[in-house]
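To start, the structure itself, in structure tokens.
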Amino acid sequence: MRVSKLFMPTLREVPSEAETVSHQLMLRAALIRKLASGVYNFLPLGLRVLRKIEEVVRQEMNREGAQEILCSALLPSELWKESGRWEVFGPEMFKLIDRNDREFCLGPTHEEIFTDIIRNEIKSYKDMPLNLYQIQTKYRDERRPRFGVMRSREFIMKDAYSFDTSWEGLDESFNKMYRAYNKIFERCGLDFKAVEADTGAMGGTGSMEFMVKSDIGEAEVVFCTSCDYAANVEKAPTFEAEILSSEDMKNIEKVETPNVRTIEELVKFFNTTSEKFAKTLIYKADDKVVAVMVRGDRDVNETKVINQLKCINFEMADAETVKRVTGADVGFAGPIGIKVDELLIDYEVKNTKNMIVGANETGYHIINANFGRDFNGIVGDFRNITQGDRCPKCGGSITINRGIEVGHIFKLGTKYSEKMNATFVDEKGEQKPIIMGCYGIGINRTMAAIIEQNHDEKGIIWPISIAPYKVIVVPVAMKDDEQVKVAEEIYNKLNDMGVETLIDDRDERAGVKFNDADLIGIPIRITVGKKIKDGIVEFKLRNSSEVIDIKVEDIYNRVLEVIKENIK
RNA sequence: CGGGGUGUAGCACAGGUGGUAGUGCAUAUGGUUCGGGACCAUAGGGCCGCAGGUUCAAGUCCUGUCACCCCGACCA
């Protein structure tokens, strides 16, 4: 492709709408343009990269025996009502109505559809195992689209679904996908880690997320510094520690604390540390109101609470509800005399003596409150693991980093097959539910993650495996006939060899061409300049500052070598 | 959905106390340049997000509304 003809409107300045590096560079390098919040168009270079990533995914999925199909993105409501998720997804689903008043949605995911396909066609254990996948556009009306393509409302996802006759078979299908995912993200040049994850509303028995380490990641991941344990903080358990203080229970006492509400204010007011406090947070869980107690310096782990309550809807209670159950303004909730359906108490609160809690009376707190004597409830692990906690696996010390979730693999089990009656007949002639797994990769997000991890101040540094073009030939002076002639020769020959190559034949100054080449991140640059008189051109890799003089005739092997080294 | 912020030329932004809109980059033309985003000259380009209101007069003040961004909440 000739750069003079390429639709590549690069931007010199950083668009003000973009905050993160990948978002800025995707805009600047003319990969994408925004249409609406969380909705993007892909320009030629962006599309090429997207297709490259898809191709890597496709190859590795096929290698593990998965078969590609393509479902519609426009889905009738019936299947969703059957599984119960028409309501569960709620406002996150783009719903629409056809001219005959029938309800549809734009697919946010496809468990129901794949289950439906299978139940209509598969009747016997002989038809399994089976793994079907698609690479297709998904729609989710996110509450808050973020960081460009990182969290958008329309995005491309590879979703695969496995169907097995036994739990052992599911394990095998799952392991195949685990293997495929590792290869895929390796080939994409990502520094990533597979971590244990919560199964969430999807249900099921096990799941792993593939996390790319990045400060802009929306997930927090726990890593053990001494063993291989890694998990989403949502998932990572904390354990009941020994009694934290041996002091005796003191007498309970009500203390006036006018306008002192937050833990910070309380710490100042009582002149103590936040470990001495227990905060009581009020939530609405489906039709119940529940309170959760954790130590003042801890965060409630909502996933753990949801799993305990087995509820679907879960949110912080509004001020009015708080008033109703506590009888006080927000900021004075406590366990004693609170009118909630459930009171959940974290281990640490149970094991700390003489805590300071809200009095359920505006302007008052209670000191020397003790579990068992003064209040009771369901005790368990309801807080986030934090720095200073021990590794759940080996007891070593942990670190917590942010990560971008680029892939997620799930053992679904029979959740959907039972609800939707997807069964098969086994060897003994018995009817059984099909055992399922599901496996997703966010293609657009993977693209953004690659840029987050592969860039410098000049622009993107694409790994060769997914670069939109592998080589860019830059004739320095378009007025120099010899430079142009040789550049054209190199360009034509490389393309004939099957190497995707650009030639920057624009009548621009060298600086402009170099800067654009760096911005769009082409891995190999061949500069044809003055030294062409001696049959020499320059060979430069985007990820290195080294410029090598090389004879024209040696270029071709050199390019092939570099490509071979970088693509397994 | 709560909190904060921004809407002025393709992009980035400036426009005290109201007086009919500007800068840089980009674009077009001519010239000089030509190996890391050149310089000079000239030119084009604006429902100042939208709708009301106050006023002789609104980019500027008031009200409403929409869009976008950020934090939080939320999210297979």
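Throughout, protein chains are lettered first and strands after them, A, B, ... in sequence-line order, and every chain is numbered starting at 1.
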Short side-chain N/O contact to [N] OP1/OP2 from [X], under 4.0 Å:
{"X": "A:Arg146", "N": "B:G72", "answer": "yes"}
{"X": "A:Ser16", "N": "B:C13", "answer": "yes"}
{"X": "A:Arg509", "N": "B:G37", "answer": "no"}
{"X": "A:Arg143", "N": "B:A73", "answer": "no"}
{"X": "A:Arg12", "N": "B:C25", "answer": "no"}

On a whole-Å scale, what distance lies between the [atom1] atoms belonging to [N] and [M]?
{"N": "B:G45", "M": "B:A26", "atom1": "C1'", "value": "11 Å"}
{"N": "B:U55", "M": "B:C40", "atom1": "C1'", "value": "46 Å"}
{"N": "B:A67", "M": "B:C48", "atom1": "C1'", "value": "16 Å"}
{"N": "B:A58", "M": "B:A51", "atom1": "P", "value": "14 Å"}
{"N": "B:U27", "M": "B:C66", "atom1": "P", "value": "38 Å"}
{"N": "B:C56", "M": "B:G15", "atom1": "P", "value": "28 Å"}
{"N": "B:C62", "M": "B:G18", "atom1": "C1'", "value": "13 Å"}
{"N": "B:U54", "M": "B:G72", "atom1": "C1'", "value": "38 Å"}

Does [X] come within less than 4.0 Å of [Y], counting only side-chain N to carboxylate O?
{"X": "A:Glu112", "Y": "A:Arg85", "result": "yes"}
{"X": "A:Asp171", "Y": "A:Lys411", "result": "yes"}
{"X": "A:Lys323", "Y": "A:Asp329", "result": "yes"}
{"X": "A:Asp549", "Y": "A:Lys531", "result": "yes"}
{"X": "A:Asp456", "Y": "A:Arg542", "result": "yes"}

If [N] has a Watson-Crick or G-U wobble mate with both distances under 3.5 Å, name it; if not, just say none.
{"N": "B:C61", "value": "B:G53"}
{"N": "B:A43", "value": "B:U27"}
{"N": "B:A21", "value": "none"}
{"N": "B:A67", "value": "B:U6"}
{"N": "B:A73", "value": "none"}
{"N": "B:C34", "value": "none"}

Could you pick out which residue, A:Gly148 or A:Gly529, lies toward the 5' side of RNA chain B when each is mapped onto its nearest nucleotide?
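Nearest nucleotide further toward 5': that of A:Gly529.
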Starting at atom [atom1] of [X], determine the distance to atom [atom2] of [N], rounded to an integer number of angstrom.
{"X": "A:Asp504", "N": "B:G35", "atom1": "CG", "atom2": "P", "result": "15 Å"}
{"X": "A:Ile306", "N": "B:A73", "atom1": "CD1", "atom2": "P", "result": "13 Å"}
{"X": "A:Met316", "N": "B:G2", "atom1": "CE", "atom2": "P", "result": "16 Å"}
{"X": "A:Met478", "N": "B:G35", "atom1": "CE", "atom2": "C1'", "result": "15 Å"}
{"X": "A:Leu281", "N": "B:A73", "atom1": "CG", "atom2": "C1'", "result": "13 Å"}
{"X": "A:Leu11", "N": "B:A12", "atom1": "CG", "atom2": "P", "result": "8 Å"}
{"X": "A:Glu508", "N": "B:G36", "atom1": "CD", "atom2": "C1'", "result": "13 Å"}
{"X": "A:Asp507", "N": "B:G35", "atom1": "CG", "atom2": "P", "result": "12 Å"}

Under 3.5 Å: donor-acceptor pair, side chain of A:Arg402, backbone of A:Gly217
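Yes, A:Arg402 side chain to A:Gly217 backbone: donor-acceptor pair under 3.5 Å.
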Do A:Glu13 and B:G37 have a side chain to base donor-acceptor pair shorter than 3.5 Å?
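By the distance-only test, no, there is no pair.
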Do A:Arg525 and B:G36 have a side chain to base donor-acceptor pair shorter than 3.5 Å?
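Such a pair exists between side chain and base.
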Among [options], the one nearest [X] by side-chain distance:
{"X": "A:Pro15", "options": "B:C34, B:G37, B:A12", "result": "B:A12"}
{"X": "A:Thr527", "options": "B:G35, B:C69, B:A12", "result": "B:G35"}
{"X": "A:Arg144", "options": "B:A12, B:G37, B:G72", "result": "B:G72"}
{"X": "A:Asp518", "options": "B:G35, B:C69, B:G36", "result": "B:G36"}
{"X": "A:Leu519", "options": "B:G36, B:C68, B:G37", "result": "B:G37"}
{"X": "A:Phe147", "options": "B:G35, B:G36, B:C71", "result": "B:C71"}
{"X": "A:Ala36", "options": "B:C68, B:C69, B:A38", "result": "B:C68"}

Please work out if [X] contacts a base, only the sugar-phosphate, or nothing of the nucleic acid, heavy-atom cut-off 4.0 Å.
{"X": "A:Tyr283", "answer": "nothing"}
{"X": "A:Glu538", "answer": "base"}
{"X": "A:Val14", "answer": "sugar-phosphate"}
{"X": "A:Lys513", "answer": "nothing"}
{"X": "A:Asp159", "answer": "nothing"}
{"X": "A:Glu92", "answer": "sugar-phosphate"}
{"X": "A:Pro108", "answer": "base"}
{"X": "A:Arg153", "answer": "nothing"}

Could you check if a side-chain atom of A:Val474 sits within less than 4.5 angstrom of a side-chain atom of A:Phe514, using non-hydrogen atoms only?
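Contact flag for A:Val474/A:Phe514 side chains = yes.
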Compute the centroid of each ring, for A:Phe314 and then for A:Tyr283, and state whether the two points are separated by less than 6.0 Å.
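A:Phe314 vs A:Tyr283: aromatic centres under 6.0 Å.
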Hey, what do you get for CD1 (A:Ile472) to NZ (A:Lys540), rounding to the nearest 0.5 Å?
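Separation between the atoms: 11.5 Å.
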